[in-house]
Amino acid sequence: MTFLVIGANGKTGSRVIKRLDDKGLDVRGVSRSSEIPFDWNDQATWDAALDGVHAAYVTYYPDLAFPGAADAIRALTHKAKAAGVRRLVLLSGRGEDEAAVSERTVLESGLEATVVSCSFFNQNFSEGAFADMVAGGVLALPAGERSEPFVDAEDIADVVVAALTEDGHAGRIYELTGPRLLTFHDVAAEISKASGKPVAYHPMQAGEYVEMLMQYGLPREEAEPLTDLFVHVLDGRNERLTDGVKRALGREPRDFSEYAATAAW
């Protein structure tokens, strides 16, 4: 059986591939630059990626809340079913109203589908979008004073692999969080303690953040919806813990302090 991972180079995709490899399973990791390429903007690349696949992990770039995402997920799900894919696990955005459309698409597809709904990853601060800010000592973000139950990519990967390889997960939405709520001030303090380097949080206005992203080279048509999404999911809707990791795996989620102690700062 072949397991497809769309987004092979991503924070969760790369970890899912490693776990499947460690199990001795046949894994096909795809991206725009892979041997068998996959491009969300080019449906002509999808058939070869899906050929002979038993189960697929689907991550959409840039985010399920972006325009066109729902149509793309619908088209991919249709192609996957036609290609004989049996299981599909979708990475979704916690608290994103637009993502719910794609969630319904896969859950109502007739496939053995599972949704893994997450928000901010711990690893964003060491591997992703905020790593440069951490290195510079200032987390400048439009996050206000809200708190977030940051979830670890290691936990996400464990849940995804369980849903791909085990029975009993079909039809479920696993809403994943860490074990406690943290403000971005708290995050800065945790990183400072673990790294030995001072890091502070600086709240920004949405317009300021858009301009900063554009200075880093992001076009306005991407910077504005990304900022809107950031502000949207941090309006208080996600200030609660869930038991998704425990329901899926039978254990508690990894704490941010454990992540921070092992991150490469």
Side-chain angles (χ1 to χ4, degrees), residues 2-14 16-17 27-119 121 128-129 153 156-157 160 163-164 170-176 213 218-230 232-233:
T2 298
F3 292 81
L4 176 69
V5 176
I6 297 175
N9 301 320
K11 284 183 284 296
T12 63
S14 60
V16 168
I17 288 173
V27 187
R28 181 182 300 160
V30 296
S31 65
R32 285 181 295 180
S33 60
S34 57
E35 183 177 351
I36 299 177
F38 180 95
D39 187 339
W40 279 111
N41 296 315
D42 183 4
Q43 290 195 28
T45 66
W46 298 4
D47 290 335
L50 290 165
D51 183 45
V53 167
H54 165 75
Y57 175 45
V58 179
T59 65
Y60 181 82
Y61 180 84
D63 191 275
L64 288 181
F66 274 56
D71 290 338
I73 294 297
R74 187 178 300 109
L76 180 79
T77 302
H78 177 77
K79 280 183 174 289
K81 190 172 182 179
V85 175
R86 179 183 169 191
R87 287 182 178 168
L88 192 152
V89 179
L90 176 69
L91 179 67
S92 186
R94 185 172 184 251
E96 298 177 13
D97 297 332
E98 299 86 350
V101 177
S102 296
E103 293 176 4
R104 287 195 299 272
T105 293
V106 300
L107 291 172
E108 296 171 2
S109 66
L111 299 174
E112 296 179 14
T114 306
V115 171
V116 179
S117 179
C118 313
S119 188
F121 302 171
I156 299 169
V160 170
L164 287 173
R172 297 191 178 186
I173 298 177
Y174 290 122
E175 191 174 348
L176 306 185
L213 291 178
L218 204 65
R220 182 177 292 276
E221 58 267 25
E222 292 185 27
E224 288 183 343
L226 184 63
T227 302
D228 289 343
L229 175 62
F230 206 110
H232 179 69
V233 298

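Numbers here are sequence positions counted from 1. These values consider heavy atoms only, across backbone and side chains, with no hydrogens, waters or symmetry-generated copies.
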Let's go through I156 and K11 carefully: what are the C-alpha distance in whole Å and the side-chain angles of both, what is the deciding distance for side-chain contact (heavy atoms from CB on, under 4.5 Å) to 0.1 Å, and is it a yes or a no? CA-CA 10 Å; I156 299 169; K11 284 183 284 296; over 6 Å; no
About how many Å separate CG of D63 and CG of L226, when rounded to the nearest 0.5 Å? 8.0 Å
Verify the neighbour count for atom CD of E35: are there more than 12 heavy atoms of other residues, nucleotides or ligands below 6.0 Å? no
Identified side-chain contact (heavy atoms from CB on, under 4.5 Å) counterpart of R28 within the set T2, L50, I17, V5: T2
Rounded to the nearest 0.5 Å, what's the gap from CG on N41 to OH on Y61? Could you check? 10.5 Å
Side chain T59, main chain I6, donor-acceptor under 3.5 Å: yes
Give the minimum heavy-atom separation between A55 and L164, together with the two atoms involved. CB-CD2, 3.9 Å
Any residue meeting salt bridge (Lys or Arg N to Asp or Glu O under 4.0 Å) with D51, in chain and number order, not counting sequence neighbours: none
Would you call the rings of W46 and F38 parallel, tilted or perpendicular, where under 30° means parallel and over 60° means perpendicular? parallel
Drop me the distance from L76's CG to L90's CG, to the nearest 0.5 angstrom. 9.5 Å
Working note: Y60 + W40, criterion ring pair (Phe, Tyr, Trp, His ring centres under 6.0 Å); need CA distance, chi angles, decisive distance, verdict. CA-CA 8 Å; Y60 181 82; W40 279 111; 4.9 Å; yes
Which heavy atom of L64 sits nearest to which heavy atom of S102, and what is that distance? CD2-OG, 4.0 Å
Could you state the interatomic distance from OG1 (T114) to CG (L88), rounded to the nearest 0.5 Å? 8.5 Å
Qualifying side chain to side chain donor-acceptor pair (under 3.5 Å) pairs with a residue from residues 76-95, counting only residues at least two apart or across chains: D47-K79, R86-E112, R87-E112, R87-D167, S92-E103, R94-E175
May I ask you to test the R32-D42 pair for a side-chain heavy-atom distance under 4.5 Å? no
Scanning both residues in full, the closest heavy-atom pair of A113 with V106 reads CB-O, 3.1 Å
Sorted by chain and number, sequence neighbours left out, salt bridge (Lys or Arg N to Asp or Glu O under 4.0 Å) with D39 holds for none
The single option from V27, L91, L4 that satisfies side-chain contact (heavy atoms from CB on, under 4.5 Å) with Y57 is L91
Shortest non-hydrogen contact from S34 toward I36: OG-O, 2.5 Å
A56 to V85 - nearest heavy-atom pair and separation: N-CG1, 4.3 Å
Minimum heavy-atom separation for L229 and A65, please, with both atom names. CD1-CB, 3.8 Å
Do V101 and R74 have side chains that get closer than 4.5 Å, going by heavy atoms? yes
Once you round to the nearest 0.5 Å, how far does CG of L213 lie from CZ of R220? 10.5 Å
Taking E108 first and then R104, would you say they form a salt bridge - that is, a charged N and a carboxylate O separated by under 4.0 Å? no
